[in-house]
Amino acid sequence: MSPRAAPRPGPPGPRGVPLLGVLPQLARDPLGTLARARDRYGDVVRLPVLSGAVYLLAHPDHVERVLVTRNANHWKGRLFGRADFLFGNGLVLNDGESWHAQRRVMQPGFHADLLRTAVDAMLEVIEDHARRWRLARRDGTVLEFESEMTVLTLDLMATAMFGVRLGADELATTGRAFGVVLEHVGLRFATFTLPPATPLPGRARALRALAALEEIVARLVDRHDPARTDVLGMLQQAVDTGAMSPRQLRDEVMTLLFGGYEATAHTLAWTWHLLDRHPQVGDRVRAEVAAACPGDVAALPYTRQVLDEVLRLYPPFWEVLRSSRETDEFDGHVVPGGAAILLVPWLTHRLPEFWPDPSTFDPDRWAAGPPAHRHAYFPFGGGQRLCIGRPLALLEMQLVVSQLSREFRPRRADRRPVRERARSTLRARHGIRMVLDGT
Ligand code: HEM
């Protein structure tokens, strides 16, 4: 008789409360709950949620294993199905051969040469919003910066990727509708262990908002100039040759519209807040910008360091989710097949082993280049599912910060502490209200 192997241990973790596990804590304070769990139990933690569990992996080696070296075992499948009513089979949810094919169609749309051709149009969009800001400065109007940056980045993305200018009403409707739908997506993720058909509050409202978004997507496709060689032109061509269905086109445009504005809007809102809180950093940005020609982002290395640092402390996609296909092992702890895996850039970006003085906002830490462990920093994900929009996002954010810093110095309109609120993206709990001073 062969000796029976001793069962390998599962990861440690809290017990939570009967039936719900740690769901109440996660819902109340996701970042604090995860940070405390990591402090107490280490880099691999089992978190019971309803009838199942989530496995938190904090160490950069684990990030690398999930996203790069064993990425085939850690797919988006089960969890991401919770967002399919919004994105359908768009790039962010797609998998396997179909994902490969779609990524091949769209990748050239994000090539640096093509993006450079969009810079002038993006500068024009920023100038249009600057006109509004001049009036707000004159009148001392208080602006809610998350909404301001949402409208601006939606306008920029529709222009850069689709060559279409949306009207002020359309931009406002799109921002509001995404807000409603995302709140519902967040709830669907938090309750992922329940059957997909379980009725959840807010569904009818989310479906109405989704209908408004479908209408915007249809208008973007209608108004697109077929002569343009942008990402929408590439997708349209695939439809015309029968390589892609019109439904897939809708899914990709919806995904790009969302991916395009949401993360950059919140990163920019955090950036203005931090520039106000750290005036010496703001002064250095303004000095750098004053010496550069508009649109010349290569002349803005310090501004780029500032954005890298904002994305370290406030990664808009603060969590990256996967499902494991087969059993895997991390630091000797067994994570079973079918498990929900949770990587948390917000947490890994603040591990003191990899980041000296981790909670300090210090753009100078980037002067010497990226961190020693490549996977200690992953605001754009990693491996083959690395964010396709990364070059566009960085270009766009550098353009916005540099152009608006030439004229405006946003200042907090109240002294209320700004605290994070982690939902589908990382936002400020009570928004970021600012008035505009001159430079
Ligand atoms: C600050 C800005 C941005 C951040 C922090 C960000 C972050 C991310 C992250 C973390 C992922 C990986 C998700 C995962 O693996 O589960 C991702 C994927 C993606 N992002 Fe972004 N993103 C940003 C801007 C953009 C922009 C501007 C676009 C569109 C133009 C975009 C479109 C996408 C798409 C389509 C994917 C899915 C790629 C794939 O799976 O092949 N993102 N992004």
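Residue indices begin at 1 and follow the sequence shown. The shown structure was predicted, so the numbers you read here are calculated from the model rather than taken from an experiment. Both ligands and their constituent atoms are indexed starting at 1 by order of listing.
- Pairs engaging residues 151-160 under the salt bridge (charged side-chain N to carboxylate O under 4.0 Å, His left out) rule: Asp155-Arg165 [sequence neighbours left out].
- When ring centroids are compared, Trp346 and Tyr377 stay outside the 6.0 Å threshold.
- By the 4.0 Å heavy-atom criterion, Tyr261 is excluded from the residues contacting ligand 1.
- With hydrogens left out, the protein atom closest to atom 16 (O) of ligand 1 is Arg322 NH1, 2.9 Å, a heavy atom.
- Short contacts between ligand 1 and Met161, defined as distances under 4.0 Å to a heavy atom of the residue, involve ligand atoms 30 (C).
- Shown in contact with Thr267 at under 4.0 Å from a heavy atom are these atoms of ligand 1, numbered in order with element: 1 (C).
- Listed by chain and number, Cys387 SG are the protein N/O/S atoms closer than 2.8 Å to atom 21 (Fe) of ligand 1, with waters left out.
- Taking the six-membered ring wherever Trp is involved, the centroid distance between the rings of Phe178 and Tyr261 falls below 6.0 Å.
- Distances from ligand 1 to the non-hydrogen atoms of His266 include no value under 4.0 Å.
- Taking the six-membered ring where the residue is Trp, the centroids of Trp355 and Trp366 are separated by under 6.0 Å.
- Aromatic ring centres of Phe330 and His62: separated by under 6.0 Å.
- Taking a 4.0 Å cut-off on heavy atoms, Phe378 fails to register as neighbouring ligand 1.
- Note: His59 and Phe354 meet the aromatic proximity criterion, with ring centroids under 6.0 Å apart.
- At least one heavy atom of Lys76 lies less than 4.0 angstrom from ligand 1.
- The six-membered or imidazole ring of His266 lies away from that of Tyr314, with a centre-to-centre distance of 6.0 Å or more.
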